Protein chains: 2
Amino acid sequence: MDIKTKGFVSAETVARLAGVSRSAVSRTFTDGASVSEATRKKVLEAAAVLGYHVNHLARGLSHDRSNIIGIIVSEIPTPYQARMLDEMTRQLQAIGKVGMVINTTGDAESVANALRQTLNFRADGVIVLSGTPDASLIASCVANGQRVILINRSDHIEGPANLAVENAETAREAYHLLRRAGCQRLAVVSSTAGTPSLSARDSAFAAAAAEDGLSVPIIRAGATGYAAGAEAARQLYSRSGGPDGVFGVTDLLALGFMDAARHSFGLRVPQDVSIVGFDDIEQAGWESYALTTFRQPVEEMVQLIVQLLTQAGPDEWAHVVPPIKPVPIWRKSVLPRPNAG
Amino acid sequence: MDIKTKGFVSAETVARLAGVSRSAVSRTFTDGASVSEATRKKVLEAAAVLGYHVNHLARGLSHDRSNIIGIIVSEIPTPYQARMLDEMTRQLQAIGKVGMVINTTGDAESVANALRQTLNFRADGVIVLSGTPDASLIASCVANGQRVILINRSDHIEGPANLAVENAETAREAYHLLRRAGCQRLAVVSSTAGTPSLSARDSAFAAAAAEDGLSVPIIRAGATGYAAGAEAARQLYSRSGGPDGVFGVTDLLALGFMDAARHSFGLRVPQDVSIVGFDDIEQAGWESYALTTFRQPVEEMVQLIVQLLTQAGPDEWAHVVPPIKPVPIWRKSVLPRPNAG
DNA sequence: TTGTATGCGTTATCAC
DNA sequence: GTGATAACGCATACAA
């Protein structure tokens with residue numbers, strides 16, 4: 001038996017129907033407030049009849065928390081980003097918060113607008129998954145009491161927490177893994193995106209090779225993704241002397257490379273070329289690829305993020321963030337060590 | 001030169017620094033309000049110094065719109081869902097709204113909570129991408145003036161707009177496409193998820209076959225996804241007489257099927273088995289698969305959704321939603337018609 | 001154009 | 001345990 005005609009119903013209306021005061025209604029819906037069972041029941045009933053729902057906007061106004069967390073991201077359809085988004089929204093909800101996802105193109109202006117959005121909506125915190133945020137705007141967020149967390153952008157700005165995977169170390173590991181497999185002519189497939197993470201990976205790989213006196217080409221044949229990987233293969237194999245071991249700084253890159261190597265050049269994986277990736281997206285495990293790669297522990301990363309968002313204060317952040325170590329996932333795209341044992 | 005110490009700065013503070021009234025500040029940040037250029041400038045300067053950002057929570061309180069759109073979704077890492085999410089958040093932002101994504105497990109209780117969240121945050125509208133929402137809660141949303149849009153859930157509830165692709169028609173088209181390719185033993189690979197869309201597709205395919213006096217098995221070997229498709233192949237080919245033509249009600253299903261058919265049973269695609277999918281996710285175009293499929297026009301769908309969200313009133317919705325027709329994308333997973341010409 | 005006053009829906013503080 | 005009342009930050013009708 002709905003009474004209202006339009007718009008949302010307020011606590012005031014509920015109070016009238018239940019024959020109690022606004023405060024009683026408020027208390028009924030506030031955790032740990034003291035209401036008698038009798039009034040509580042009356043209120044709940046009236047609320048159900050009217051279809052009342054607490055207005056979190058108003059609540060966030062008096063209270064100083066909105067329970068909104070801004071998530072700034074780009075290229076959502078990318079398996080890695082989608083997985084991150086999935087895990088974040090899930091875990092955020094588990095602690096009673098809600099994610100406001102802001103989709104940016106990744107350029108400075110776009111990210112700046114995203115940051116302003118989170119400010120406008122008084123988000124309790126901001127998680128930056130991609131793009132290079134303007135330092136002064138970040139500072140503004142921090143100054144306003146927002147918890148801001150930067151993921152995999154190793155530009156160490158003061159204030160926000162920086163959560164980064166061990167990119168360089170893992171890239172070195174990839175190098176040694178390929179070398180132990182007997183690969184002689186190495187190459188790294190990277191992208192023109194040039195994000196801090198990706199750069200860290202490709203340059204660390206090259207550096208590790210340089211220590212052994214090896215020079216490896218870094219191919220950047222387009223923005224990150226499948227197509228760029230495929231194009232890299234075309235560039236590398238269009239003349240003889242192509243690589244017999246490649247490191248894709250991203251699984252997507254590695255997968256594109258693998259497909260082009262196989263279908264455009266008839267190469268066998270891993271007999272003719274060993275390939276190792278980074279991320280362990282779902283597709284890496286598909287039978288057509290069976291890509292050996294390094295898994296980013298997404299679930300643990302997000303747990304850490306949520307912890308940062310809620311428990312710790314900005315001052316203690318430096319200490320609470322442990323190193324995050326991708327672990328190698330062995331599948332079939334890398335040659336077994338020839339002289340094993 | 002920051003003055004504030006903690007928390008967000010309000011219009012009040014800006015007004016004091018600029019030497020004007022609160023209203024002047026408000027007007028400066030309200031589109032189409034009348035402020036003199038002089039005060040406007042003073043306000044803008046003070047705001048910049050203080051790092052002021054309009055509080056949309058408070059704004060949404062007096063105004064009756066929050067500019068928040070709830071997006072209810074599950075299985076975000078799924079390429080199709082991720083693509084949808086990407087397009088929605090992008091287009092929503094383009095019209096000054098922001099998406100609040102609520103990640104559900106898809107079960108009734110979870111979706112109900114999601115719906116309540118959108119009510120709590122006074123979302124202007126709700127887009128339901130997955131899950132089966134409780135009819136009475138939907139009614140409550142509509143009653144409260146929210147625009148709610150159901151995507152691909154053909155349970156026609158009164159009130160919300162229903163946006164659905166032509167599932168049945170397209171499934172029939174898939175059937176004829178396979179038949180024209182010369183396939184004799186057909187099968188459809190579906191999932192245990194049993195969403196309205198998927199059911200519509202598999203049963204329409206079977207119905208089309210029945211009209212020709214053909215009986216086709218519908219395999220549901222797990223929840224939607226790659227693994228379920230692969231398992232379906234194992235079930236179908238573990239004994240002789242496996243299909244030479246299959247319809248995957250989802251690309252993911254089709255891809256999993258293709259991989260298992262090839263790698264576990266040595267089948268060639270399309271020589272031994274023709275496969276057609278549904279969705280046209282990015283991976284369908286990867287060289288290892290080259291899946292012939294039907295593309296869901298995601299961008300147009302979202303345009304329509306946004307239009308529904310903003311322009312039309314609920315009363316006119318029935319008329320504004322045109323049929324959405326997936327278009328066939330020909331790649332290499334279906335045998336060319338044997339007796340062409 | 002500008003400032004003053006009021007209302008938006010809550011929660012918190014205070015008396016009772 | 002309950003009800004009045006004052007914030008919270010903003011937009012706006014109104015008066016100047």
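Sequence lines set the chain letters: A, B, ... in the order given, protein chains first and strands last, and positions in each chain run from 1. Fair warning: this is a prediction, and the values are worked out from it, not measured in the lab.
Across the protein-nucleic acid pair, B:Glu12 atom CD and D:dA11 atom P stand 14 Å apart, rounded to whole Å. Going from atom CZ of B:Phe121 over to atom C1' of C:dT10 covers 13 Å, rounded to whole Å. With rounding to whole Å, A:Arg122 atom CZ is found 19 Å from C:dT11 atom P. The interatomic distance linking A:Asp31 (CG) with C:dT10 (C1') rounds to 15 Å, in whole Å. Nucleotide C:dG9 holds its P atom 13 Å from the CG atom of A:Leu50, rounded to whole Å. Taking atom CG on A:Leu57 and atom P on D:dA11, their separation rounds to 13 Å, with Å as the unit. Atom CZ of A:Phe8 is separated from atom C1' of C:dT10 by 15 Å (rounded to the nearest Å). Between A:Asn120 atom CG and D:dC10 atom C1' the separation is 12 Å, expressed in whole Å.
Each of A:Ala11 and B:Ser34 was matched to the nucleotide of DNA chain C holding its nearest heavy atom; the match closer to the 5' end belongs to B:Ser34.
Using a 4.5 Å heavy-atom cutoff, the side chains of A:Ile149 and A:Leu309 are in contact. For the pair A:Asn67 and A:Arg59, the minimum side-chain heavy-atom distance is 4.5 Å or more. Side chains of B:Leu137 and B:Arg116 form a contact here, defined as non-hydrogen atoms less than 4.5 Å apart. Using a 4.5 Å cut-off on side-chain heavy atoms (C-beta onward), B:Val111 and B:Asp134 make no contact.
At the heavy-atom level, A:Arg22 lies under 4.0 Å from base atoms of the strands shown. B:Val25 comes within 4.0 angstrom of nothing in the nucleic acid, heavy atoms only. Nucleic acid contact class of B:Arg40 (heavy atoms, under 4.0 Å, all strands): none. The residue A:Phe29 sits apart from the nucleic acid: no heavy atom pair falls under 4.0 Å.
Distances from the side chain of A:Leu61 to the nucleotides D:dT12, C:dG9, D:dG1 place C:dG9 closest. Of the candidates C:dT4, C:dG9, D:dA4, C:dG9 carries the atom nearest the A:Ser10 side chain, counting heavy atoms from C-beta on. Distance from the side chain of A:Val35 is smallest for D:dT2 among the nucleotides C:dG3, C:dT10, D:dT2. With C:dT11, D:dA4, C:dG3 as the candidates, the nucleotide lying closest to the side chain of A:Ser21 is D:dA4. Comparing C:dG3, C:dT10, D:dA11 by their nearest atom to the side chain of A:Asn55 picks out C:dT10.
Checked for salt-bridge contact, A:Lys41 and A:Glu37 miss the test: no charged N lies under 4.0 Å from a carboxylate O.
Evaluation of atom-type donor-acceptor distances gives no pair under 3.5 Å for the side chain of B:Ser23 against the base of D:dA11. Taking 3.5 Å as the limit, the base of C:dT10 and the side chain of A:Ser62 contain a donor-acceptor pair of atoms between them. If you check distances only, the side chain of A:Arg27 does reach the base of D:dG3 with a donor-acceptor pair under 3.5 Å.
Contact between the side-chain N/O atoms of B:Thr39 and the OP1/OP2 oxygens of C:dT2 is found at a separation under 4.0 Å. Within the 4.0 Å cut-off from OP1 or OP2 of C:dT10, not a single side-chain nitrogen or oxygen of A:Ser26 is found.
The environment of B:Arg90 atom CZ is dense: over 12 non-hydrogen atoms of other residues, nucleotides or ligands sit within 6.0 angstrom.
In terms of modelled atom types and a separation under 3.5 Å, the side chain of A:Gln146 and the main chain of A:Ala123 share a donor-acceptor contact.
Between B:Arg27 and B:Ser34 the shortest heavy-atom distance is CD-O, 3.7 Å.
The terminal axes of the helix from C:dT1-D:dA16 to C:dC16-D:dG1, fitted over 5 pairs per end, subtend an angle of 40° to the nearest 10°.
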